[in-house]
Protein chains: 2
Amino acid sequence: MSTRRATISDVAREAGVSASTASVVFSGKTPTSEATRARVIAAAEKLGYTGPDPRAASLRRGRSGIVGVVFDQHLGTAFLDPVTTHMMDGLADGVSRLGAALLLLRDDGHTVSEPSLHTAPIDAAVLIGCSPRMRDSLEIVRARGIPVVVIEGDAGEGIPRVLLDNTEAQRQAAQHLADLGHADVVIVTLPIDIDRRRGWIPDDAEARVDVTADRLAGARQVFSHAPALAAATSSIDEGAIAGRTIFADPARRPTAVIAQSDLLAAGVVRAAEEAGLQVPRDVSVTGFDGVVVDGLAPHVLTTLVQPATAKGRAAGEAVAAMLEDATPAGLDLTCTFRAGTTTAPPRST
Amino acid sequence: MSTRRATISDVAREAGVSASTASVVFSGKTPTSEATRARVIAAAEKLGYTGPDPRAASLRRGRSGIVGVVFDQHLGTAFLDPVTTHMMDGLADGVSRLGAALLLLRDDGHTVSEPSLHTAPIDAAVLIGCSPRMRDSLEIVRARGIPVVVIEGDAGEGIPRVLLDNTEAQRQAAQHLADLGHADVVIVTLPIDIDRRRGWIPDDAEARVDVTADRLAGARQVFSHAPALAAATSSIDEGAIAGRTIFADPARRPTAVIAQSDLLAAGVVRAAEEAGLQVPRDVSVTGFDGVVVDGLAPHVLTTLVQPATAKGRAAGEAVAAMLEDATPAGLDLTCTFRAGTTTAPPRST
DNA sequence: TTGTAGGCGTTATCAG
DNA sequence: CTGATAACGCCTACAA
């Protein structure tokens, strides 16, 4: 079996037809007589031909049937977040109508190894995340002339992006707390920039990550002077770390914490309980995302439910549309406020 | 801009060199004079040429730089399991030395939509999971003559696969319980077949999923008559469902439960506590995987720690090796027993 | 160091 | 319904 793989011409020859006819038999793009069809199939079987080489086909067609999904962090880290997971599901759905599969790409700037944005045979790209580095990825993809959709990202003019009403949604949660009577509030944010450094955000600092900035703005519309503490990533552990910082000094405990994600909120709840505080009696906590957080029972987070799967699907359908020269639509999605059991009026002193 | 994209020959012409020279400049496979190099780069810039078309390059090279990862379930579902997540990380690592990226493929048998195993431009494939359906995927890939590695799967002869010492590891956990004095034990298993049906497994039934069968066998080496209850998937919720079944009848409660995954174990612990039992005083619970389970605090599961990331990396390196005509090695991995706080001697009656 | 030649395997087009 | 032809864009011996 040291002979080279059979090609469609081999099959055609074996079947006594032309290569183009054999091609048509496999693609089904043009009617063929039952007889030739059968002969071609038989020949293919005999030669062990398993169908057109996708590489050649994609060169000829100018399409590879692959959509790149670009992350700005370790895949494992990215997938730790249920929101991402759901989004991927939606994305897979969205592009499937295009008959495409998803290629996982990580743009970590290193660019040392080759499987990069520069060289991947993708028909379109979906950029996920919001780090400033995304701008670079965007540049690369655009230079290649590849249609691109950004999810929750800091895109430039003319780049379709799937957006959430982060600011307005977060404002609702803040307003909910205000309505309950809270005034002393601390905000736990997602990373504010690519360094993902933890810590209190100075007043003059600007979050360079859109989601973070938008949600922060929403909260500040209600609590304009609330201090904000940045987490290094969206996870329960990070939330707990932030929470411990917040609850460390009994004299300076806020009556409510606005966390920018459910995972962070869960961590804050945990830290509160570690500190001997009861949620929501002693402190109220709100999240963001509306995902199921394991280990939070019996609490039900007061949160903003975001349509994660829909987000992915919207992006998928958008690239599908762009590949068909249509204008993508329906990219603005809305979060829904959900009152849970983690918020209550502040304890009267 | 209605003109077609520039090709390497355009660039070459613009730079006043031959196409092959331009090619070499981009690939760097052959030394070029600094002068030509500069001219080519300049020409490329001028024409907006962003590098060789990957489709053409991969046809010519016979390589696409893409490794397919085949799942047998919804991506979202698959990624819900931290073990999978870590494995993907390792996999990404493993293939990166090959300069490859990962293509997510779902083999759901439907085969209705096209982005399938049949047509994806992949250089190699990694099959994940253990459902009988994997056999079909395997067949397809092998027919295409693509190197393939199976992780924890039910492969045939001659297919390299990454394996855990599931049976032996699970036996250790069982032995640990036996040593503590337990005799009345129930096993909570992963799905036993593709239907993922919950329920008690009849004695004459055979688990058709390798992992499940192997771990079950390991437990039965010590507790040969322990009843086994199948879960529908590996999750905390499923574990809790199983746990409720097990602890429903106070008269028939076991003194220990062997769960085939940490997530299931966490669910069992939760169910036990719901039933008013204390872990490990009233009931001991062991898991499998060694992942961090949120929400289990303050318990630390007694479990078998499996090298999840290493598993992925091993698979990645194996396909890399196969693509270089080498023989993959180091595919047998070992779990490590970790004693936690969820096991103790049975309460003396 | 650079150029020439030939082909990687397929499919779109168009004529028969 | 079938066949001839001509790219698709690039790469790699090999020769100069």
Side-chain angles (χ1 to χ4, degrees), chain A residues 3-41 43-44 47-65 114 118-123 144-146, chain B residues 3-41 43-44 47-65 114 118-123 144-146:
Chain A
T3 128
R4 102 186 179 300
R5 286 195 84 64
T7 75
I8 205 171
S9 334
D10 297 332
V11 173
R13 193 176 322 113
E14 176 76 25
V17 301
S18 77
S20 39
T21 301
S23 170
V24 158
V25 166
F26 286 107
S27 76
K29 293 227 174 187
T30 304
T32 52
S33 81
E34 193 45 55
T36 33
R37 179 191 171 69
R39 261 185 313 146
V40 170
I41 299 290
L47 299 183
Y49 180 79
T50 53
D53 180 330
R55 286 178 291 256
S58 77
L59 170 58
R60 179 62 238 227
R61 290 210 177 100
R63 285 281 169 83
S64 65
E114 277 300 328
H118 299 275
T119 60
I122 54 179
D123 294 338
R144 284 181 66 183
I146 293 174
Chain B
T3 129
R4 101 187 180 300
R5 285 195 85 61
T7 75
I8 205 170
S9 339
D10 297 331
V11 173
R13 193 176 320 113
E14 176 77 26
V17 300
S18 79
S20 51
T21 302
S23 169
V24 159
V25 166
F26 285 108
S27 76
K29 293 229 172 188
T30 304
T32 50
S33 78
E34 193 44 57
T36 36
R37 180 191 171 68
R39 263 188 311 150
V40 170
I41 300 290
L47 298 183
Y49 180 79
T50 52
D53 179 331
R55 285 179 290 257
S58 77
L59 170 57
R60 180 60 237 241
R61 287 211 177 100
R63 285 281 169 82
S64 64
E114 277 300 328
H118 299 276
T119 59
I122 54 180
D123 293 339
R144 283 181 65 183
I146 294 175

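Lettering follows sequence order; numbering is per chain, from 1.
- Side-chain atoms of A:I8 and A:F26, non-hydrogen and from C-beta on, do get closer than 4.5 Å to each other.
- A salt bridge links B:D123 with A:R55: at least one charged nitrogen is closer than 4.0 Å to a carboxylate oxygen.
- Remark: P of C:dT10 and CZ of A:R13 are 12 Å apart, rounded to the nearest angstrom.
- Taking 4.0 angstrom as the limit, A:T30 places none of its side-chain polar atoms (N or O) nearer than this to OP1 or OP2 of D:dC1.
- In this structure, B:R63 places its CZ atom 17 Å from C1' of D:dC10, rounding to the nearest Å.
- The listed nucleotides are C:dT10, C:dT1, D:dG3; the one nearest the side chain of B:S33 is C:dT1.
- The phosphate of D:dT2 has OP1 or OP2 within less than 4.0 Å of a side-chain N or O from A:T36.
- Contacts of B:F26 with the nucleic acid, taken as non-hydrogen atoms under 4.0 Å apart, are absent.
- Whole-Å rounding puts the A:D53 CG to D:dC10 P distance at 18 Å.
- Contact check for A:R39 versus A:V25: no side-chain heavy atoms found under the 4.5 Å cut-off.
- Using a 4.5 Å heavy-atom cutoff, the side chains of B:P54 and A:R144 are in contact.
- Per the geometry, CZ belonging to B:R55 stands 15 Å off C1' belonging to C:dG9, to the nearest Å.
- On a pure distance criterion of 3.5 Å, no polar donor-acceptor pair joins the side chain of A:S18 and the base of D:dA4.
- Proximity of B:L59 to A:R60: side-chain heavy atoms (C-beta onward) are nowhere separated by under 4.5 Å.
- In this entry the distance linking CG of B:D10 with C1' of D:dC8 reads 13 Å, nearest Å.
- Within the nucleic acid shown, A:R61 comes within 4.0 Å of sugar-phosphate atoms alone, with no base atom in reach, counting heavy atoms only.
- The base of C:dT10 has none of its N or O atoms less than 3.5 Å from a complementary donor or acceptor on the side chain of A:R60.
- A donor-acceptor contact under 3.5 Å is formed by the side chain of B:S20 with the base of C:dT4.
- In this structure, B:A35 and A:V24 both approach DNA chain C, and ranking their closest nucleotides by distance from the 5' end singles out B:A35.
- Residue B:T32 places its side chain closer to C:dT2 than to any other of D:dC11, C:dT2, C:dT10.
- Protein atom NZ of A:K29 is 10 Å distant from nucleotide atom P of C:dT13, rounded to whole Å.
- One atom, CD of B:E34, and another, P of C:dT2, lie 10 Å apart when rounded to the nearest Å.
- Distance from the side chain of A:T7 is smallest for C:dG9 among the nucleotides C:dG9, D:dC10, C:dT11.
- One can place CD1 of A:I8 at 20 Å from P of D:dC8, the figure rounded to the nearest angstrom.
- Counting only heavy atoms from C-beta on, A:L59 has its side chain closest to C:dG9 among C:dG9, C:dT10, D:dG3.
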